[in-house]
Structures are given as C-alpha cells and as structure tokens.
Amino acid sequence: YGSVSTSSPILFCSGSVYSSIHGFSQEEIKEKLLAFPGGSIDLLKQDSGIAVLTINNPPRMNAFSGAMMVDLEEKVTQLENWTDGKGVIVQGAAQTFCSGSDLNAVRAMSNSQDGMKMCMFMQNTLTRLLRLPLISVALVEGNALGGGAELTTACDFRLMASGSVIQFVHKHMGLVPGWGGAARLVTLVGSRNALKLLGGAVKVDSELGVHIGLADGVLKVDLDAARAETGLQQAESWLSQYTKGPAPVIKAVKKVVLSGRELSLSDALRTEKDIFGSVWGGPANLQALASKSKHK
Ligand SMILES: CC[C@H](C(=O)O)C(=O)SCCNC(=O)CCNC(=O)[C@H](O)C(C)(C)COP(=O)(O)OP(=O)(O)OC[C@H]1O[C@@H](n2cnc3c(N)ncnc32)[C@H](O)[C@@H]1OP(=O)(O)O
C-alpha cells in the first residue's frame, strides 16, 4: 500500500488544533495536570484490530484526573501509530462511562488561564481521537456527564446501554463545554437540538439519544444471565460489521469520510484522490479483481 501524501496536513500530519503558534505549550500544561494524580487510561490492542480504551477511575465514577488527561494523550499517540488497527471502543470501567473532570482538580485550577489551557489540551487530544484513522465507538453504560458527555462526541459512533444517560451538565456548573463538545454536538444533532441539550442540561437516555441521532444503537439486555453478552461484547460485534477487511482499506474508509466531514469540497476531493491512490492496485484490490467477485 502506498502512503497517503496529501495537501491536508491538518488531518493526517498533526491532528491538533493548538500549537506554539497559538502561544500554547503542551509541555507546560502537562506538568500542571500531572500534579493531580489518580486513575488511569488503559489501552488494550487486540489481534482483531479493535482496541479497547478504558477510562479507569471507579472511586470517582471515572472522573478525569489531570494525570488521566495526560495518559489519554499518550494512548491516542499509540493508536495513531497502530499500523494494524481498524477500530477502537472507548468505555468506562465498572459499568459507568465518565463523570467529567475530577472536581477536585477543577477547584484547584479554577482561574481562567489554567482552565483555558486545560481545555486547549483536551481539545487537542479529543480532536486527535476523532481524527484517528480508526472507526471509533463510545460504549456508554451508566453516566456520561460534563466532560464525559463531551468525550462521547469525540467518537464516530455512540452505543448506549438501557438505563445509561448522556448529560451536558455544564450549565448547572455555570459553564459551557470546553473540550470541543459543543462544536461536535452541533455537527451530530444540529444546532436546535444542541441548544436544547445544553440550555436544558437535558438527561439524554438511550431512547432520546437514538431519536435525535446522538446514539447509533441501544445495547440489548438479556435476562438470561448465562446467555447474556456484556456491553463490550455487543459493542465489538456491532463495530466488527464495519471493520471486516484489511486494515489499510478500513483506514482509507475512515480517512475519506473524515476529509469529507472536515474539509472544503475542493480539498476533500483532492484528499479523496490521494487516499484512493493509496489503495488502488494494493493487495486487497488486486485480490478482488483476480477473484471476479459478484456483489450479490
Ligand atoms: C462541566 C465542565 C467540566 C468539564 O467539561 O471539564 C466537568 O466535567 S465538571 C464535572 C461534571 N460532572 C459532575 O458534576 C458529576 C458530579 N457527580 C455526580 O453527579 C454523581 O456523583 C454521579 C451521578 C456521577 C454518581 O452519583 P452516585 O450517587 O451514583 O455516586 P456518588 O455521588 O456517591 O459518587 C461516588 C463518588 O464519586 C465521586 N465523584 C463523582 N463524580 C465526580 C467528579 N466529577 N469529580 C470528582 N469526584 C466525583 C463522588 O464525589 C463520590 O465520592 P465519595 O468520596 O464517595 O464522596
């Protein structure tokens, strides 16, 4: 497979929004964030090409400590470099998703300068998560609140367990989303629904989530415990519908959609041509041509 050389550095070279040209120092804010320890972000890369990223801080309902924000950035870098990867599932540990920023860290960093730096750091990381050349799914069990709700919007898809809730609680905190969640929410559900969800701090359950297009599916509850699949198993089988096939082809699928989503039409068309060139005449293409396959 040829590599994709495109005129769209924003998507494929550095997915970040802020850098030193914006007066932003990633290293300076990392040092501040590391002063707030606790929890971890765990990455499991599987032979299937589907990775599982777990937000792990159960004593605080998987709230993000500063150290976890830094950890997430490192795990996203590992996923960017995963040649054999095709998909990623983002979940919370212990059957709940994520309750946003750790309020203890928020209280200690309550001046506006630090708040904005933290928000730039998280915008960079979550933008890179959304721009991964992998198909991503947020598996929402329990609560996704505040920054946790924003994290769900940094995935391509959201699957909700019955009883789970996505809630942008920001208004109740005297805030608005700052991790890019508002911009992504508008793209997902339209500006009128976004205004309702943010203005009313609405509790979105799985039914409402599907109705407004925030959720892409609801996980089944099987009362027969012996037969029941876990939420993660269900999410893996849902995602595998879209990740069957060789990694370079799946990555190319994600990249053409991403460029269509983020670039102007002319730039998206040029980028699509480059990505097409990277799979044209590649092993999967030659094999398909040789097998005279019919698409019945
Ligand atoms: C809004 C902007 C900002 C951002 O975008 O950066 C944020 O995200 S701020 C955080 C927004 N989230 C919240 O305000 C969540 C507050 N917590 C809750 O509403 C509840 O704890 C809930 C619904 C998550 C769970 O309720 P439940 O009754 O099931 O459990 P507890 O309340 O007893 O919680 C257990 C334990 O977890 C601690 N906890 C929960 N969330 C956080 C958090 N965000 N930061 C720090 N700690 C959190 C809670 O205090 C309990 O600890 P304990 O020591 O047992 O009292």
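Quantities reported herein were computed from a predicted structural model and do not represent experimental measurements. Residues take their numbers from the sequence shown, with the count starting at 1.
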Discussion item. Applying side chain to side chain donor-acceptor pair (under 3.5 Å) as the test, list every pair that has at least one member in residues 198-209; sequence neighbours left out.
Written reply: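 As it turns out, there is no side chain to side chain donor-acceptor pair (under 3.5 Å) pair with a partner in residues 198-209 once direct neighbours are skipped.
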
If only atom types and distance count, is the side chain of [X] paired as donor or acceptor with the main-chain N or O of [Y] below 3.5 Å?
X: T125; Y: M122; result: no
X: N62; Y: F97; result: yes
X: T230; Y: Q233; result: yes
X: T96; Y: G92; result: no

Worksheet item: Given the rule in the side-chain contact (heavy atoms from CB on, under 4.5 Å) test, do F276 and V256 qualify, once you have shown the distances and angles that lead to the verdict?
Response: CA-CA 9 Å; F276 175 81; V256 286; over 6 Å; no

Quick one: are [X] and [Y] in side-chain contact, heavy atoms under 4.5 Å?
X: R158; Y: V137; result: no
X: V204; Y: L214; result: yes
X: K86; Y: K251; result: no
X: L134; Y: L79; result: yes
X: D156; Y: D216; result: no
X: S101; Y: M69; result: yes

Fill in: Salt bridge K255-E272, side-chain N to carboxylate O under 4.0 Å
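Answer for the salt bridge query: no.
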
Discussion item. For K75, is there an ion pair with D71 - N to carboxylate O distance below 4.0 angstrom?
Written reply: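 Here D71 pairs with K75 in a salt bridge, since their nearest N and O are under 4.0 Å apart.
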
Atom of [X], atom of [Y] and distance for their closest heavy-atom approach:
X: L129; Y: V76; value: N-CG1, 4.0 Å
X: T152; Y: A149; value: OG1-O, 2.7 Å
X: S136; Y: C155; value: OG-CA, 3.3 Å
X: M68; Y: I41; value: O-CG1, 3.4 Å
X: A252; Y: V279; value: CB-CG1, 3.9 Å
X: A67; Y: P37; value: CB-CA, 4.0 Å

For [X], enumerate each residue passing the side-chain hydrogen bond (donor to acceptor under 3.5 Å, both in side chains) test, keeping only those at least two apart in sequence or located in another chain.
X: E31; value: none
X: N193; value: none
X: N124; value: Q26
X: T127; value: none

When hydrophobic residues are tied together by side-chain contacts of less than 4.5 Å, even through go-betweens, does [X] share a cluster with [Y]?
X: L132; Y: V17; value: yes
X: V88; Y: L239; value: no
X: V189; Y: V210; value: no
X: V106; Y: F64; value: no
X: L145; Y: L197; value: no

Worksheet item: How would you list all residue pairs meeting ring pair (Phe, Tyr, Trp, His ring centres under 6.0 Å) that involve residues 70-89, not counting sequence neighbours?
Response: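 Not a single pair qualifies under ring pair (Phe, Tyr, Trp, His ring centres under 6.0 Å).
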
Item to complete: Enumerate the residue pairs fulfilling ring pair (Phe, Tyr, Trp, His ring centres under 6.0 Å) with a member in residues 20-52, sequence neighbours excluded, ordered by first and then second residue.
Response: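 Ring pair (Phe, Tyr, Trp, His ring centres under 6.0 Å) check on residues 20-52 returns Y18-H22.
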
Practice prompt. Take T271 and L258, measure what side-chain contact (heavy atoms from CB on, under 4.5 Å) needs, and give me the verdict at the end.
Written response: CA-CA 10 Å; T271 305; L258 181 62; over 6 Å; no

Practice prompt. Enumerate the residue pairs fulfilling salt bridge (Lys or Arg N to Asp or Glu O under 4.0 Å) with a member in residues 102-123, sequence neighbours excluded, ordered by first and then second residue.
Written response: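 Checked against salt bridge (Lys or Arg N to Asp or Glu O under 4.0 Å) - neighbours excluded - the pairs reaching residues 102-123 are E28-K117, K32-D114, R60-D102.
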
Item to complete: Name all residues meeting the salt bridge (charged side-chain N to carboxylate O under 4.0 Å, His left out) criterion together with E80; count only those two or more places apart in sequence or in a different chain, and write none if there are none.
Response: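 With sequence neighbours excluded, E80 shows a salt bridge (charged side-chain N to carboxylate O under 4.0 Å, His left out) to R128, given in chain and number order.
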
Worksheet item: side-chain contact (heavy atoms from CB on, under 4.5 Å) between M109 and I29: does it pass, once the steps are laid out?
Response: CA-CA 11 Å; M109 287 179 78; I29 184 66; 4.1 Å; yes

Item to complete: List for me each residue that meets ring-ring contact (aromatic ring centres under 6.0 Å, His included) alongside W238, sequence neighbours excluded, and say none if there are none.
Response: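 Only F157, Y242 meet the ring-ring contact (aromatic ring centres under 6.0 Å, His included) criterion with W238.
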
Under 3.5 Å, side-chain donor or acceptor atoms of residues 162-188 against the rest of the protein: list the pairs with distances, not counting sequence neighbours.
residue, atom, partner, partner atom, Å
S164, OG, V140, O, 3.4
S164, OG, A161, N, 3.4
S164, OG, A161, O, 2.6
Q167, NE2, A201, O, 2.9
H170, NE2, E150, OE2, 2.8
K171, NZ, G199, O, 2.6
R184, NE, T153, O, 3.4
R184, NE, T153, OG1, 2.9
R184, NH1, W179, O, 3.2
R184, NH2, E150, O, 3.2
R184, NH2, T153, OG1, 3.4
R184, NH2, W179, O, 3.0
T187, OG1, A183, O, 3.1

Review item, side-chain donor-acceptor pairs of residues 46-55, under 3.5 Å, at least two apart:
residue, atom, partner, partner atom, Å
Q46, NE2, I50, O, 3.0
Q46, NE2, E236, OE2, 2.6
S48, OG, I50, N, 3.2
T54, OG1, Q91, NE2, 3.0

